There are 2 protein chains.
Amino acid sequence: MTTARRSDATRAAILEAARERFASDGYDRATIRAIARDAGIDPSMVMRYYGNKEGLFAAASEIEIGLPELGSLPAQHIGAVLVTHFLERWERDDVLTGLLRVGVTNTAGAERMQAIFAQQLGPVTRGVCPDPADAPRRAALVASQILGMALTRYVLRIPPAVEMSPEEIVAWLGPTVQRYLTAEAP
Amino acid sequence: MTTARRSDATRAAILEAARERFASDGYDRATIRAIARDAGIDPSMVMRYYGNKEGLFAAASEIEIGLPELGSLPAQHIGAVLVTHFLERWERDDVLTGLLRVGVTNTAGAERMQAIFAQQLGPVTRGVCPDPADAPRRAALVASQILGMALTRYVLRIPPAVEMSPEEIVAWLGPTVQRYLTAEAP
DNA sequence: TACAGTTGCCAACAAGCGTTGACCAACACT
DNA sequence: AGTGTTGGTCAACGCTTGTTGGCAACTGTA
């Protein structure tokens, strides 16, 4: 393993500042200078440690959704569990919001978003849906509803979406996700 | 009424180029210079006719969703009709995609997106849902699913979402929207 | 023909951007 | 004590951006 370096604190500070800036400003408006100012260091350090802006974004958007094991759960609750989990994940920090923001204008961001959902939501879907052949389609449907809620609630901030309680959202979206996963294809 | 000017063609060309650029590149990357180049004129003309970049965006993002009259329709088909209509609207041109892209990174864009849905989706919702008091919430839920599909299909371009046929999407999303509009609150 | 208004191009501006390389201070090791 | 490595600052580069003002050409009117 790589031994701990003296600069690890700085590296972490840069990464944290970068996450916040990317999340609130998007890729273009999140300038290296602003990120460095937030982290309390010189812009050139960012370049030294992460190569260039793209490298910084790649490092800042590394993420684990950490979906729970669904195999052991009662099949009829999967929808609610999934929505609850994503909602919690989204409220905890704003990396996902940032990723969503960047994914919309930046090709690298969009690809990363695709990869995350393919690798982390895909397997779950494959395990629970009736016909494995249309698992990708079902995963995309689930993604459309979950990302759509994240979009209206955390990015566009449409007032009624912001005001809803997590429980309310789960109650509404849970059955939708459940249907996308387990209902027979129309 | 304002009389026709000789520069109307140029104005229109600028607007069209702006719509395309905003749609494909987002607010920041859509530079006035690039828009002017597409329109075949000098960047300074853009400033003369639209004041500044914000003014140009405001003019380029003026939009009518043109929802159909739903009052006369059988209540149980509203969901499918709505999804069909939005899908068609989204496929027809890319102004909405552009608006979505800009709304994610730009405050003015987000506000415009909010306004569009409040003014054009709100009334429809109010007419069909059981209790007018939670009409805004229901509208937000509908928006979350429709915008989510637009996001995954037209912006992030998640492959399975792109490959689905319009009929398939309507078949999956229609019941969801229907439930958000007319089912009793959970 | 003279003149005012419109349409357009050109050149430049100040500011901000990502990025680079020279340089200094603190540390680690022998 | 001396030397190479690491962590960090500073000043500058080349470039692009939104924006401005001056100037030429055209159009319509009297």
Side-chain angles (χ1 to χ4, degrees), chain A residues 1-61 98 101-102 105-109 112, chain B residues 1-61 98 101-102 105-109 112:
Chain A
M1 69 168 256
T2 56
T3 162
R5 275 168 303 193
R6 217 161 12 111
S7 60
D8 283 349
T10 305
R11 290 181 133 90
I14 293 175
L15 226 48
E16 194 195 326
R19 289 212 177 93
E20 277 177 28
R21 280 285 172 181
F22 281 132
S24 63
D25 298 350
Y27 189 83
D28 292 300
R29 294 173 119 89
T31 68
I32 290 196
R33 286 170 147 93
I35 292 170
R37 201 179 323 122
D38 290 355
I41 46 96
D42 192 88
S44 62
M45 301 300 297
V46 178
M47 309 301 296
R48 179 126 77 198
Y49 291 144
Y50 296 99
N52 54 23
K53 193 175 179 179
E54 274 193 38
L56 174 62
F57 171 70
S61 63
R101 254 206 182 92
V102 175
T105 45
N106 185 271
T107 310
R112 175 147 296 222
Chain B
M1 71 170 256
T2 56
T3 162
R5 276 166 301 194
R6 212 160 16 109
S7 61
D8 283 348
T10 305
R11 291 181 132 90
I14 292 175
L15 225 48
E16 194 195 328
R19 288 212 177 92
E20 277 176 29
R21 281 285 172 181
F22 280 132
S24 65
D25 297 350
Y27 189 83
D28 292 301
R29 294 173 119 90
T31 69
I32 289 195
R33 284 170 150 93
I35 292 169
R37 201 180 323 120
D38 290 355
I41 47 95
D42 191 87
S44 61
M45 302 301 297
V46 178
M47 308 301 296
R48 196 165 6 231
Y49 291 144
Y50 296 99
N52 54 24
K53 193 176 180 180
E54 274 193 38
L56 174 62
F57 171 71
S61 63
R101 253 203 184 96
V102 175
T105 45
N106 185 272
T107 310
R112 176 148 297 222

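Reminder, nothing fancy here: chain letters follow the sequence lines and each chain counts from 1. These numbers were taken from a predicted model, which means no experiment stands behind them. Note that these values count all heavy atoms, side chains included, but never hydrogens, waters or copies made by symmetry.
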Between CZ of A/Arg6 and C1' of D/dT5 the distance, given in whole Å, is 9 Å
Tell me: CZ of A/Phe22 to C1' of C/dG18, nearest whole Å? 12 Å
Nucleic acid footprint by protein, nucleotides 9-25 of chain D - heavy-atom cut-off 4.0 Å, B for base, S for sugar-phosphate alone: BB-B----BBSBB----
Atom CZ in B/Arg101, atom OG in B/Ser24: separation rounded to 0.5 Å? 7.0 Å
Output all residues satisfying ring pair (Phe, Tyr, Trp, His ring centres under 6.0 Å) with B/Tyr50, sequence neighbours left out; order by chain, then residue number. none
Measure up the B/Phe22 and B/Tyr27 rings against each other and bin them: parallel (under 30°), tilted (30 to 60°), perpendicular (over 60°). parallel
Could you tell me how far apart B/Tyr49 (OH) and C/dT6 (P) are, to the nearest whole angstrom? 10 Å
Of the listed nucleotides C/dT7, C/dG8, D/dG7, the one nearest the side chain of A/Ser7: D/dG7
B/Arg11 has an atom CZ; how far is it from atom P of C/dT7, in whole Å? 7 Å
Hey, could you give me the CG/OH distance between B/Leu15 and B/Tyr49, rounded to the nearest 0.5 Å? 13.0 Å
So do the side chains of B/Asp8 and B/Arg11 get within less than 4.5 Å of each other, counting heavy atoms only? yes
Rounded at 0.5 Å granularity, tell me how far CG in A/Leu56 sits from CZ in A/Arg21. 12.5 Å
